[in-house]
Amino acid sequence: MGFFVGKSQKVCYNSLHKNLNMGVHKMNNWKKLLENNITTAKELKEVLKLSNEEVIKMEEILEHYPMSVPLYYFSLIHADDPDDPVRKMCIPNIRETDLGGSFDTSGEASNTVIVGMQHKYRETVLILSTNQCAMYCRHCFRKRLVGLSDEEIASHFDEMIQYIKNHSQISNVLISGGDAFLNDDEVIEQYLYSLSRIEHIDCIRFGTRTPVTFPDRILEDPDLINILRTYSEKKQIYVVTHFNHPNEITEKSKAAVRNLIAAGIIVRNQTVLIKGVNDHPQTLGTLLKNLTRIGIVPYYVFQCRPVTGVKSQFQVPLKRGCDIVDQAKNMQNGLGKCIRYILSHETGKIEILGSLNAEEMLFKYHQAKDEEDYERIFTKKIEEGQCWL
């Protein structure tokens, strides 16, 4: 790993990228770049000044929760800052060995109607199109699925399309994962071709963090942009991405977003409130302002879920989280003020409205699994330090 230097300089990403361009067809560059992802503790030892004991502990974590970090994203880390926010999102921490929490905090198993497809909300189906990601985020709420085989999902494609055709109340499809843009172009086009022919589908969404962690997926593949442009003329396509910190907005990520917008795509952002990363009003507020500046509409700030291996290190208490989001919202113009602070619960998406008094907080169902909860407002006594309902 001879590409790394200190805080004032970062990974020599551009020189590696140039070498990969030699003799390689441009459309395949993104796959070649992923082959250079950092996946082992030994690769980090010298760069992050890890002790032998830290390497051993990290290797134990990686046996359960794999690491994969694109060199581009790693280049955003200030290597001699142990509290660097980008580092916290991609490099394992010993707290991941904490077994508290749950692997399925939102009841995804109970909403699965076909292997790889969930139907929790009346108008929306969620397709887990792949279990692969360009980068494995340490705060991921699907850690139980990361890196597993995609064969089972792919084999149910026709059945999923038929299910959507048979349920006319479904007006939109969210193609997620993993990361939807880790699918080959042919797979993405197959989804778009089949879904765009269904009359009752209003729009198609792709959940992807590649504009943030791996913008080369978009910048190095003109075929992908052409496919998106072609089908955006048939059905409106949305890309839902996931910027969590202002340091993730770079010239490359902005270029990737511009390419999507130029293809007729509407880009929206969901941020997770993460302890030690963006749990400060100025940080979160700056992120939201910078997103609207580059044409991305931020619409959810999610409460970090109590996932096993995540709960102990990344969750922010609800009362404090509400204060952070409210102060960040006060920094925004009208577009930025559309954000909602959301807890994605087993029963639905619950908006966290604020404190009612010293003990109680006010909540409202933004989306609900069961009709009796539609738009229901309720109060709940919240203890100091409580992070979930």
Side-chain angles (χ1 to χ4, degrees), residues 27 31 104 106-134 141-142 144-210 217-218 221 223-242 260 263-268 270 344 348-349 367-371:
M27 286 184 292
K31 291 185 178 181
D104 185 6
S106 300
E108 291 194 323
S110 65
N111 300 314
T112 298
V113 291
I114 299 169
V115 175
M117 174 184 279
Q118 298 170 27
H119 192 185
K120 182 175 183 177
Y121 305 122
R122 182 180 58 200
E123 296 85 4
T124 303
V125 291
L126 167 67
I127 295 176
L128 300 180
S129 63
T130 175
N131 292 322
Q132 307 303 310
C133 293
F141 69 91
R142 291 194 180 118
R144 70 192 190 279
L145 301 176
V146 165
L148 300 180
S149 171
D150 293 336
E151 292 179 4
E152 214 172 27
I153 295 174
S155 66
H156 289 78
F157 178 86
D158 291 338
E159 191 179 351
M160 291 190 289
I161 296 300
Q162 191 60 50
Y163 180 93
I164 296 168
K165 289 179 178 178
N166 292 343
H167 291 77
S168 60
Q169 73 271 30
I170 297 171
S171 63
N172 73 111
V173 178
L174 172 56
I175 304 168
S176 186
D179 191 306
F181 277 9
L182 261 286
N183 288 297
D184 288 337
D185 290 348
E186 293 79 8
V187 174
I188 291 172
E189 185 166 19
Q190 185 181 21
Y191 277 112
L192 288 171
Y193 173 81
S194 298
L195 293 172
S196 66
R197 294 163 64 89
I198 301 175
E199 182 64 29
H200 57 84
I201 294 298
D202 295 332
C203 61
I204 302 164
R205 293 184 282 164
F206 287 95
T208 175
R209 205 169 181 229
T210 55
R217 174 63 181 105
I218 297 162
D221 188 353
D223 272 5
L224 173 63
I225 295 299
N226 289 336
I227 289 167
L228 294 173
R229 180 181 293 109
T230 296
Y231 285 94
S232 69
E233 295 176 358
K234 304 177 187 298
K235 297 282 186 181
Q236 181 59 60
I237 299 174
Y238 290 77
V239 161
V240 182
T241 190
H242 183 50
L260 293 171
I265 309 302
I266 297 173
V267 185
R268 305 193 75 181
Q270 299 177 348
S344 194
K349 285 187 174 67
Q367 279 188 299
K369 180 176 180 178
D370 299 321
E371 286 190 25

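Nothing fancy with the numbering, it's 1 onward along the sequence. Keep in mind that what you see is a predicted model, and the values were worked out from it rather than measured.
Put simply, the side chain of Tyr191 never gets that close to the backbone of Ile204: no donor and acceptor are under 3.5 Å apart. Judged by distance alone, the side chain of Ser129 and the main-chain N or O of Ser176 form a donor-acceptor pair under 3.5 Å.
Between Ile265 and Phe206 there is no side-chain heavy-atom pair separated by less than 4.5 Å. Side-chain contact between Leu224 and Phe181 is present, with heavy atoms from C-beta onward closer than 4.5 Å. Contact annotation: the side chain of Ile127 approaches that of Met160 to within less than 4.5 Å [non-hydrogen atoms, C-beta and beyond]. Side-chain contact check for Asp202 versus Asn172: every heavy-atom pair is 4.5 Å or farther apart. In this structure, Ile175 and Thr208 have side chains that are not in contact, with every pair of non-hydrogen atoms separated by 4.5 Å or more. In this structure, the side chains of Asn183 and Gln190 stay at 4.5 Å or more apart for every pair of heavy atoms. His119 places a side-chain heavy atom less than 4.5 Å from the side chain of Ile170. Using a 4.5 Å cut-off on side-chain heavy atoms (C-beta onward), Tyr231 and Lys234 make contact.
The shortest heavy-atom contact between Lys349 and Ser344 is CG-OG, 4.3 Å. Minimum heavy-atom separation, Glu199 to Lys235: O-NZ, 3.5 Å. Nearest approach of Ala263 to Ser232, heavy atoms of both residues: O-OG, 2.9 Å. Considering every non-hydrogen atom in both Ala368 and Tyr121, the closest pair reads O-CD2, 3.5 Å. Residue Thr210 comes nearest to Ala134 through the heavy atom pair CG2-CB, 4.4 Å, listed as atom of the first residue, atom of the second, then distance. Residues Ile114 and Glu159 come closest through the heavy atom pair CD1-O, 3.5 Å.
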inquiry  = Please evaluate residues Ile237 and Leu192 with respect to the criterion side chain to side chain contact (heavy atoms under 4.5 Å, CB included), reporting the C-alpha separation (whole Å), side-chain torsions for both, the decisive distance (0.1 Å), and the verdict.
reply    = CA-CA 9 Å; Ile237 299 174; Leu192 288 171; 3.8 Å; yes
task = Could you go through the side chain to side chain contact (heavy atoms under 4.5 Å, CB included) check for Val125 and His167 one step at a time?
result = CA-CA 10 Å; Val125 291; His167 291 77; over 6 Å; no
ask   = Could you walk me through whether Leu260 and Ile266 pass the side chain to side chain contact (heavy atoms under 4.5 Å, CB included) check?
value = CA-CA 8 Å; Leu260 293 171; Ile266 297 173; over 6 Å; no
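Here CD1 of Ile161 is found 4.5 Å from CD1 of Ile164. Values are rounded to the nearest 0.5 Å. To the nearest 0.5 Å, atom CD1 of residue Ile218 and atom OG1 of residue Thr241 are 7.5 Å apart. In this structure, Leu174 CG and Met117 CE are separated by 11.0 Å, a value rounded to the nearest 0.5 Å. For the atom pair OG1 (Thr124) and CD (Gln118), the distance works out to 12.0 Å, reported to the nearest 0.5 Å. Put simply, NZ on Lys165 and CD1 on Ile201 are 11.0 Å apart, with the number rounded to the nearest 0.5 Å.
Across Asp223, Asp184, Asp185, a single residue satisfies salt bridge (Lys or Arg N to Asp or Glu O under 4.0 Å) together with Arg217, and that is Asp185.
Dense packing is recorded around CD of Gln169, with more than 12 heavy atoms of other residues, nucleotides or ligands lying under 6.0 Å away.
The side chain to side chain donor-acceptor pair (under 3.5 Å) search around Gln367 returns none, not counting sequence neighbours.
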